[in-house]
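The next block holds one structure in the form of structure tokens; read it before the comments.
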Amino acid sequence: MRVATLGYQTWGHRTLQALLDSKHEVVLAITHPKSDHAYERMWADSVADLAAEHGVPVHIANKPDEDFKAALKQADPDIIVANNWRTWLPQDVFDAPRYGTLNIHDSLLPKYTGFSPLIWALINGEPEVGLTAHLMDEELDAGDIILQRSTPVGPKDTVTDLFHRTVDMIGPITVDALDLIESGRTDWTPQDRSQATFFHKRAAEDSLIDWTWPAEVIERLVRAQSDPYPNAFTHFKGQRIRVIESSVSKGCYGGTPGRVFIHEGDGMVIVAGPDAWSGHNRGLSIERVRLDDGTEMTGKEFFPHGGGYLS
């Protein structure tokens with residue numbers, strides 16, 4: 001099939017590479033311009049550079065304007081394959097090719113529609129994450145499912161671990177889904193939209209630790225903001241500290257959320273939870289921190305004794 005791609009960053013790059021290595025003909029690659037947004041500076045393999053290296057025409061756009069539509073019309077693809085396209089597409093774009101538009105989304109739809117699905121899934125303690133290959137329709141990430149692939153989430157997995165595992169799944173699921181479409185099958189699986197969840201783009205504020213959250217959730221937040229992602233952070237005596245490693249405390253500690261309390265091993269336990277006053281909650285043991293100047297130290301080194309509050 002003649003394929004046009006809509007893709008950005010490493011997700012789009014892996015999709016394009018898989019198509020270049022397949023039997024299909026890539027006739028156009030559309031991608032976004034480079035961005036200074038923190039979440040777009042990482043995993044930033046260039047779709048434009050890869051396409052140019054292989055003689056594939058490139059069109060750079062933020063949204064589907066008239067030049068975008070003209071480039072797509074001239075390319076005359078049988079199908080569009082999208083992965084990490086970050087702006088809304090009108091129906092006259094996604095329905096234009098003979099086979100419509102195949103979207104690769106890094107969640108197990110209908111859960112985690114929208115942005116940063118791996119991060120939100122890890123924060124929420126999901127037992128598995130994965131990819132969904134689905135046909136695009138007028139509602140975001142809501143079209144019929146062609147294929148899904150999953151991988152389990154381990155108790156110590158970081159979002160970086162999950163990124164690497166799921167990004168390696170992009171090529172196979174893309175090519176396998178195209179083969180199913182080309183075969184003439186149309187018996188795809190409709191999404192149960194009553195189960196859908198929709199998450200927003202992440203910003204700096206989303207990495208700020210809320211000490212009224214249960215320690216188990218904060219510990220997952222720390223793993224969901226592992227390097228190179230913007231780390232989970234808090235403030236102590238006016239200084240920002242990034243929490244690099246943490247665990248749920250062995251003991252239960254009561255008091256006010258955010259209280260710097262007691263050492264456990266090399267960590268300092270912070271009182272946490274919505275009902276911390278009860279004394280029935282585990283705390284969060286901060287085991288390693290990073291300061292704004294890049295200095296790293298254990299929680300015990302940074303907090304030589306209890307006292308004070310994190311905010």
Side-chain angles (χ1 to χ4, degrees), residues 1-37 39-106 131-136 141 143 146-147 149 163-185 228:
M1 288 192 290
R2 292 170 57 84
V3 181
T5 66
L6 302 179
Y8 187 47
Q9 297 175 273
T10 300
W11 295 269
H13 185 279
R14 288 292 187 97
T15 305
L16 177 58
Q17 185 65 66
L19 292 169
L20 291 169
D21 293 341
S22 75
K23 65 182 180 180
H24 302 288
E25 179 187 3
V26 183
V27 294
L28 176 67
I30 302 180
T31 188
H32 295 304
K34 291 182 179 179
S35 168
D36 289 330
H37 190 285
Y39 284 90
E40 295 182 12
R41 290 198 306 268
M42 64 178 119
W43 315 132
D45 294 304
S46 172
V47 171
D49 290 351
L50 178 62
E53 289 167 10
H54 289 82
V56 174
V58 177
H59 183 79
I60 297 176
N62 276 314
K63 59 184 180 180
D65 55 19
E66 292 307 311
D67 289 341
F68 172 112
K69 293 180 181 180
L72 198 56
K73 183 176 181 180
Q74 182 177 3
D76 189 28
D78 295 314
I79 193 168
I80 296 169
V81 177
N83 193 347
N84 199 36
W85 183 257
R86 316 231 358 136
T87 58
W88 176 79
L89 289 177
Q91 187 168 359
D92 65 332
V93 169
F94 63 72
D95 270 355
R98 174 185 174 190
Y99 292 106
T101 296
L102 174 71
N103 186 50
I104 310 299
H105 182 70
D106 50 345
L131 302 181
T132 300
H134 70 97
L135 294 175
M136 191 173 285
D141 296 334
I146 295 174
L147 280 177
R149 303 273 166 80
F163 164 80
H164 286 298
R165 293 215 295 273
T166 55
V167 81
D168 285 345
M169 297 160 62
I170 288 174
I173 198 173
T174 299
V175 174
D176 290 350
L178 284 180
D179 289 347
L180 288 173
I181 292 169
E182 191 177 32
S183 74
R185 280 185 55 183

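Note that the structure is predicted; figures quoted are calculated from it, not measured.
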Original post:
Which heavy atom in Ala29 sits nearest to a heavy atom in Leu16, and how many Å separate them?
Top reply: CB-CD2, 4.5 Å

Original post:
Who pairs with Asp21 by side chain to side chain contact (heavy atoms under 4.5 Å, CB included), at least two apart in sequence or on another chain?
Top reply: Gln17

**OP:** Would you check if the side chain of Tyr8 reaches a backbone N or O of Pro33 as a donor-acceptor pair within less than 3.5 Å?
**Re:** yes

**OP:** Taking His24 for its side chain and Met1 for its backbone only, find out whether a donor-acceptor pair lies under 3.5 Å.
**Re:** yes

Original post:
How many angstroms lie between CG in Asn62 and CZ in Arg86, if you round to the nearest 0.5 Å?
Top reply: 11.5 Å

Subject >> Which atom of Lys69 lies closest to which atom of Pro64, heavy atoms considered >> reply: CE-O, 3.7 Å

Original post:
Taking Asn83 as the fixed residue, which of Asp106, Thr15, Thr174, Asn103 is the one that meets the side chain to side chain donor-acceptor pair (under 3.5 Å) rule?
Top reply: Thr15

**OP:** Heavy atoms only: give me the nearest Ile80-Pro97 pair and the separation to one decimal.
**Re:** CG1-CG, 3.6 Å

Original post:
Hey, does the side chain of Arg2 reach the backbone of Asp76 with a donor-acceptor pair shorter than 3.5 angstrom?
Top reply: yes

Original post:
Is there a side-chain contact between Ile181 and Leu135, using heavy atoms and a 4.5 Å cut-off?
Top reply: yes

**OP:** Look at atom CD of Glu25 and say whether more than 12 heavy atoms of other residues, nucleotides or ligands are closer to it than 6.0 Å.
**Re:** yes

Original post:
To the nearest 0.5 Å, how far apart are CD1 in Ile104 and CG in Asn84?
Top reply: 12.0 Å

**OP:** Give a yes or no on whether the backbone of Thr87 and the side-chain of Trp85 come within a donor-acceptor separation of less than 3.5 Å.
**Re:** yes

Original post:
What's the spacing between His134 NE2 and Leu102 CG if we round to 0.5 Å?
Top reply: 8.0 Å

Original post:
Which pair of heavy atoms, one from Val175 and one from Ala18, lies closest together, and at what distance?
Top reply: CG2-O, 4.0 Å

Subject >> Residues which pass ring-ring contact (aromatic ring centres under 6.0 Å, His included) with Phe94, listed by chain and number, not counting sequence neighbours >> reply: none

Subject >> Donor-acceptor contact below 3.5 Å, side chain Glu40 vs main chain Gln9 >> reply: no

**OP:** Check whether any side-chain heavy atom of Phe68 sits under 4.5 Å from a side-chain heavy atom of His59, and report yes or no.
**Re:** yes

Subject >> Straight-line distance of Asp36 CG to Arg41 CZ, nearest 0.5 Å >> reply: 6.5 Å

**OP:** Could you tell me whether the side chain of Thr5 and the main chain of Gly7 form a donor-acceptor pair under 3.5 Å?
**Re:** no

Subject >> Residue pair Glu182 / Lys23, side-chain heavy-atom distance below 4.5 Å >> reply: yes

**OP:** Would you check if the side chain of His32 reaches a backbone N or O of Ala61 as a donor-acceptor pair within less than 3.5 Å?
**Re:** yes

**OP:** Considering non-hydrogen atoms only, spot the tightest contact between Ala177 and Leu147 and give its length.
**Re:** N-CD1, 3.7 Å

Original post:
Do Trp43 and His164 pass the ring-ring contact (aromatic ring centres under 6.0 Å, His included) test, and can you show the C-alpha distance, the side-chain angles, and the key distance before you say yes or no?
Top reply: CA-CA 10 Å; Trp43 315 132; His164 286 298; 5.3 Å; yes

Original post:
Could you state the interatomic distance from NE2 (His54) to CG (Leu20), rounded to the nearest 0.5 Å?
Top reply: 5.0 Å

Subject >> Note, Asp168 side chain near Arg14 side chain (heavy atom, < 4.5 Å) >> reply: yes

**OP:** Can you see which heavy atom on Asp141 is nearest to which on His105, and at what distance?
**Re:** OD2-CE1, 3.3 Å

